[in-house]
Amino acid sequence: MNSLQDLHKTASGFQQTAKMPVLFVGHGSPMNALADNPFTQTLHQLGRDIRNLQPPRAILVVSAHWLTRGTFVAVNERPETIHDFGGFPQELFDMQYPAPGAPDVAQEVLAALPDAHPSDEWGLDHGTWTVLHHIFPEADIPVFQLSIDYYKPMTYHAELARQLQFLRRRGVLILGSGNIVHNLRQSMPNFMHDDPRPHAWAVEFDEWAKAKINQRDLLALAHYQQAGASGSLSVPTPDHYIPMLYSLALAEADDNIRHAFEEVSFGGMSMRTFVVG
């Protein structure tokens, strides 16, 4: 591609499709990649439902684990499986998710976001592949990621997401991967003692967020501190929370929102997963 005009020409050449859904998945521990439990079974069912309705042409993932200064779009033809964690069994490190990249769709995103930059230095991090391993275990659908500019205000992410709504009618499934409640410090004692009980503040905030999601109240969600002490405890850093804003901002007026999985466990970890459309 030699110019922005070429990019727009390429993007306009892609066939229109029925509107794709949007997902937000609370991905939790990387160990979910190896698990067979109600959460992973829900992901498998979501994948079957999406394939039966309309197999995606590509998947765009906004993961809590690609944080940057500036916005980047992965253009790799063969993205590597990134094992961006430590202290887990070798079986997890041996896992691969060999999906192809989607450089053609990445060019569409770059055309729509003039301030974004192409990158071939990122693959599929664990916020992406541990989830897609269950949704599309065949790894046959092209996948690419959009980074999170960690230095922008919360409302910026919702505004950026809206610029990508056109992808839903180009056969692209958009997936936000994070956790609405994600406080590892408050969760580690529970993990160490295999105690799945949630803290009261985590349940309180997860329910507050659910209500705001159902109301499509992006402004309130962007200012999550207004939920009180439960907000600050549930979102000590916004990295895992921001992908939810992308998924909700992609909702259109005629879209339903369905909470496919709801669980707060191990102190301060919400696995809430919802479908838009």
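Bear in mind the structure is a predicted one, so any value in this text is a computation, not a measurement. Atom set for the values below is all heavy atoms of this structure, side chains included, hydrogens, waters and symmetry mates excluded.
- We find that Arg272 and Glu263 are not joined by a salt bridge, their nearest charged nitrogen and carboxylate oxygen being 4.0 Å or further apart.
- Within the 3.5 Å criterion, the main-chain N or O of His182 finds no donor-acceptor partner in the side chain of Asn179.
- In summary, Arg162 and Glu252 do not engage in a salt bridge, as defined by a charged side-chain N under 4.0 Å from a carboxylate O.
- With hydrogens and angles disregarded, a donor-acceptor distance shorter than 3.5 Å links the side chain of Asp149 to the backbone of Gly70.
- For the 3.5 Å distance criterion, the side chains of His27 and Ser177 qualify, holding a donor opposite an acceptor.
- A donor atom on one side chain and an acceptor atom on the other are found under 3.5 Å apart for Thr128 and Gln145.
- Of the possible polar contacts, none joining the Asp84 side chain to the His65 backbone as a donor-acceptor pair under 3.5 Å is found.
- No side-chain N or O of His133 forms a donor-acceptor pair with one of Tyr97 less than 3.5 Å apart.
- Residues Arg48 and Gln45 bring a donor and an acceptor atom of their side chains to less than 3.5 Å of each other.
- If you take CD on Gln41 and CG on Asp36, they are separated by 4.5 Å, rounding to the nearest 0.5 Å.
- The line from CG of Leu92 to CE of Met31 is 6.5 Å long, rounded to the nearest 0.5 Å.
- With respect to the salt-bridge test (charged N to carboxylate O, under 4.0 angstrom), the residues Arg170 and Asp104 do not qualify.
- When the ring-ring contact (aromatic ring centres under 6.0 Å, His included) test is applied to Phe88, the partners found at least two apart in sequence or on another chain are Phe85.
- With sequence neighbours excluded, the residues satisfying salt bridge (Lys or Arg N to Asp or Glu O under 4.0 Å) with Asp255 are Lys19, Arg168.
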- Message: Please evaluate residues His199 and Asn183 with respect to the criterion side-chain hydrogen bond (donor to acceptor under 3.5 Å, both in side chains), reporting the C-alpha separation (whole Å), side-chain torsions for both, the decisive distance (0.1 Å), and the verdict.
- Response: CA-CA 11 Å; His199 296 311; Asn183 189 325; over 6 Å; no
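- A distance-only check finds a donor-acceptor pair linking the side chain of Thr40 to the backbone of Asn37 [under 3.5 Å].
- With respect to Arg51 and Glu138, a salt bridge is recorded, a charged nitrogen being found less than 4.0 Å from a carboxylate O.
- In the model, His126 has no side-chain atom that pairs as donor or acceptor with a side-chain atom of His83 under 3.5 Å.
- Donor-acceptor pairing under 3.5 Å is recorded for the side chains of Asp206 and Ser270.
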